[in-house]
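Read the structure below first, then the notes.
Values below: all heavy atoms of this structure, side chains included; hydrogens, waters and symmetry mates excluded.
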Amino acid sequence: MSAATHDSQPRLPWLWDYDLDEATFTALLRGDGDGVAPPLDRDWAAVRLFEYAPWADIVRRLGWPALVADWPRWRDRVRSESRRRGIDFAVEWVRANRPDLAA
């Protein structure tokens with residue numbers, strides 16, 4: 001794989017081993033990337049984000065509603081126990097204290 005994407009844009013740091021540009025990754029994360037980069041899909045993109053991206057990027061790219069709603073589906077695929085615990089805490093905190101963020 002080359003160091004740059006098709007458009008010669010810098011790659012997202014959590015995609016060092018894939019030749020995906022930011023637009024393609026964002027489409028996958030939204031669930032709009034069917035057929036764009038098989039076998040990659042929304043679940044793959046979300047787990048990749050959880051495992052390698054900084055917390056601010058996770059929240060910004062997924063948004064609280066998707067994070068809270070879909071975390072149970074993605075949780076067991078995240079390898080890092082500390083990441084799982086941290087996201088568990090954040091999701092439960094939002095549910096208990098700021099349900100408006102999850103709406």
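- Here the closest non-hydrogen pair linking Pro65 and Ala103 is CG-O, 3.3 Å.
- Not counting sequence neighbours, the partners of Asp70 by the salt bridge (Lys or Arg N to Asp or Glu O under 4.0 Å) test are Arg42, Arg73.
- The cationic atom of Arg48 (NZ for Lys, CZ for Arg) lies less than 6.0 Å from the six-membered ring centre of Trp16 and within 45° of the ring axis.
- Contact detail for Ala45 and Leu28: the closest heavy-atom pair is CB-CB, 4.0 Å.
- With a 4.5 Å cut-off on side-chain heavy atoms, Leu62 and Trp74 count as touching.
- Glu22 places no side-chain N or O within 3.5 Å of a backbone atom of Leu12 that could act as its donor or acceptor partner.
- The shortest distance between side-chain heavy atoms of Leu20 and Leu40 falls below 4.5 Å.
- Considering only heavy atoms from C-beta on, Val78 stays 4.5 Å or farther from Ile87 through its side chain.
- Residues Ala69 and Pro72 come closest through the heavy atom pair O-CD, 3.6 Å.
- Residues Asp88 and Trp71 meet the side-chain proximity criterion, which asks for heavy atoms closer than 4.5 Å.
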Verify side chain to side chain donor-acceptor pair (under 3.5 Å) between Trp14 and Asp57, making sure each step is shown before the conclusion.
-> CA-CA 11 Å; Trp14 52 86; Asp57 285 324; over 6 Å; no

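- Formation of a donor-acceptor pair under 3.5 Å by the Arg75 side chain with backbone atoms of Arg84 is not found in this model.
- A donor-acceptor contact shorter than 3.5 Å links the side chain of Arg83 to the backbone of Phe50.
- When side chains are defined from C-beta on, Thr26 does not count as touching Leu29, because their heavy atoms never get closer than 4.5 Å.
- Using the six-membered ring where Trp is involved, Trp44 and Phe25 have ring planes that are perpendicular, over 60° apart on the 30 and 60° scheme.
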